[in-house]
Amino acid sequence: MIRASHRDIIVIGASAGGVTALKGVIRELPPDLPASLFVVLHTVPRGVSQLAPILDAAGPLRASFAEDGEGIRYGHVYVAPPDRHLLLRDSHVHLTRAPKENRTRPAVNPLFRSAAAAYGRRVVGVVLTGTLDNGTAGLLAVEAGGGTTVVQDPEDAEFPGMPLSALDYLDPDHVVTAAELPGLLVELVGEEMAESGPERLDGAVVNNPGPDDSIGTHQRGPGPDLTELGSREVRPPNTASGFTCPECSGALWEVEERGLTEYVCRIGHLFGPETLLEEHAERRDDLLETALRSIEEESALTARLLERGRERGLSEHRLRRHVQRIRTLERTAASLEHLLREESPPAEAAE
């Protein structure tokens, strides 16, 4: 049994702006890099991704979409395919259609968690440009497993949300620009690690979750088994949040992990706090737009009835009711329009 002597598992997560950043990193890595890279870019689940061929053409390393059960080899970039979470196991990759995390599949956090559980201190976790809090929980797992944490400098990121969120919850080992990242990765891979690191047998990784025994050993409560979402089970979700899951409308529990509160339903949909807040904001806008359309149709129908009522000679009492209804609907519609624009409603509507 040979002890691993260096970091050789690099997991990278990105979202908005990630293609440009990833191309720049891959372009500068040497062809003989003694490490394997695993990339998740948040994409539309049903879309067609060109990320693997883009990265394959960007630099000397071979890049391809990961295949379920595929063995892990050095000098290769494994890209998560659309609508599949990319997870790491002992010496191979695993693809799954487990529930979405932060509204996406593939998602960054499952890759990072599974890498931390299977490879421990040999992992280098990298969070690049993106929005909201994607990648924060996964990077916390890498840190807990003894791995090395790297965050793109928010000032350098096209979309700084993901780096800023990571910096809110942990003090990463390195904060670098995208241009500095390739050199740092080469340096980290080349460094010798202490003998207490993870072990491997004939080139195959032996499961070693690292020094933090909490990874993979949480006792389960009434919530879902999220082993497929990162090779670990979630700590008992003791607190009912009072909120509902945007994906399935089920109840959400609060799960706290190293200071970060996440929200999980029984099915396994998992949300960071910023992502859950954004999801509710989007649903609010959808509901307001539906309500506005309904009110505008009701107002138009009432106006038509008013016109025909005048032609038929309806009583002034009936006609006044139609006029009053139209004015009320117009004021309500104006208020909804201002809510959708996140503006203060006019004084008349507020009254």
Side-chain angles (χ1 to χ4, degrees), residues 13 15 40 42-46 68 80-89 93-118 131-142 144-145 162 165 169 209 212-287 290:
S15 182
V40 167
H42 285 182
T43 58
V44 179
R46 300 296 182 183
D68 189 41
D83 203 32
R84 293 292 186 276
H85 290 304
L86 171 60
L87 307 180
L88 302 191
R89 297 290 190 251
V93 300
H94 177 53
L95 301 179
T96 174
R97 289 195 75 251
K100 295 178 182 178
E101 181 162 342
N102 284 337
R103 304 182 297 173
T104 62
R105 186 174 53 230
V108 174
N109 289 335
L111 169 63
F112 281 30
R113 289 197 194 99
S114 65
T131 60
L132 302 175
D133 48 11
N134 299 306
T136 298
L139 203 62
L140 284 168
V142 171
M162 283 174 55
S165 176
Y169 287 95
D212 188 337
D213 291 335
S214 66
I215 293 182
T217 59
H218 294 318
Q219 280 199 315
R220 291 193 61 219
D225 179 353
L226 294 191
T227 301
E228 283 299 295
L229 279 187
S231 301
R232 73 175 177 94
E233 293 182 347
V234 173
R235 183 179 309 170
N238 296 326
T239 305
S241 69
F243 306 126
T244 55
C245 175
E247 294 283 351
C248 66
S249 300
L252 286 173
W253 289 284
E254 289 185 354
V255 181
E256 186 167 339
E257 191 73 34
R258 298 175 61 83
L260 173 66
T261 300
E262 296 181 284
Y263 298 86
V264 60
C265 72
R266 185 173 295 277
I267 288 178
H269 300 123
L270 196 63
F271 300 88
E274 292 182 27
T275 304
L276 182 62
L277 186 63
E278 182 68 15
E279 181 69 15
H280 277 287
E282 290 183 7
R283 293 185 66 195
R284 175 202 64 200
D285 287 348
D286 290 343
L287 291 172
T290 300

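Only this structure's heavy atoms are used, side chains among them; waters, hydrogens and symmetry mates stay out. FYI, the numbering just counts along the sequence from 1.
- In this structure the side chain of T104 never reaches within 4.5 angstrom of the side chain of V40, judged on heavy atoms.
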Handout entry: Steps toward side-chain contact (heavy atoms from CB on, under 4.5 Å) verdict (L87, T96)
Key = CA-CA 8 Å; L87 307 180; T96 174; 3.8 Å; yes

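- For the atom pair R283 CZ and T244 OG1, the distance stands at 5.5 Å (nearest 0.5 Å).
- The CZ atom of R103 sits 8.0 Å away from atom CG of N134, with the distance rounded to the nearest 0.5 Å.
- Heavy-atom minimum distance, R84 versus P106: O-CB, 2.9 Å.
- Between the CD atom of E274 and the CG atom of D133 there is a distance of 4.5 Å, given to the nearest 0.5 Å.
- With rounding to the nearest 0.5 angstrom, the CG atom of L88 is 11.0 Å from the NE2 atom of H94.
- Between S241 and L252, the shortest heavy-atom contact is OG-O, 2.7 Å.
- Minimum interatomic distance between F271 and C245 (heavy atoms only, all atoms of both residues): CE1-SG, 3.8 Å.
- Contact of the L140 side chain with the L260 side chain is registered, since non-hydrogen atoms from C-beta on lie closer than 4.5 Å.
- N102 contributes no side-chain N or O that, together with a main-chain N or O of A107, makes up a donor-acceptor pair within less than 3.5 Å.
- In plain terms, the two heavy atoms of E247 and K100 that are nearest each other are OE2-CD, 3.8 Å.
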Practice task
Could you walk me through whether L95 and L86 pass side-chain contact (heavy atoms from CB on, under 4.5 Å), step by step?
Solution key: CA-CA 5 Å; L95 301 179; L86 171 60; 3.8 Å; yes

Problem - Steps toward side-chain contact (heavy atoms from CB on, under 4.5 Å) verdict (N109, E262) - result: CA-CA 12 Å; N109 289 335; E262 296 181 284; 4.3 Å; yes

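- We find the CG-OG1 distance between L276 and T261 to be 11.5 Å, quoted to the nearest 0.5 Å.
- When all heavy atoms of S114 and R89 are compared, the pair lying nearest together is CB-NH1, 4.2 Å.
- Here H269 contributes atom NE2 and R105 contributes atom CZ; the two are 7.5 Å apart, rounded to the nearest 0.5 Å.
- Nearest heavy atoms, P273 versus Y169: CG-OH, 4.2 Å.
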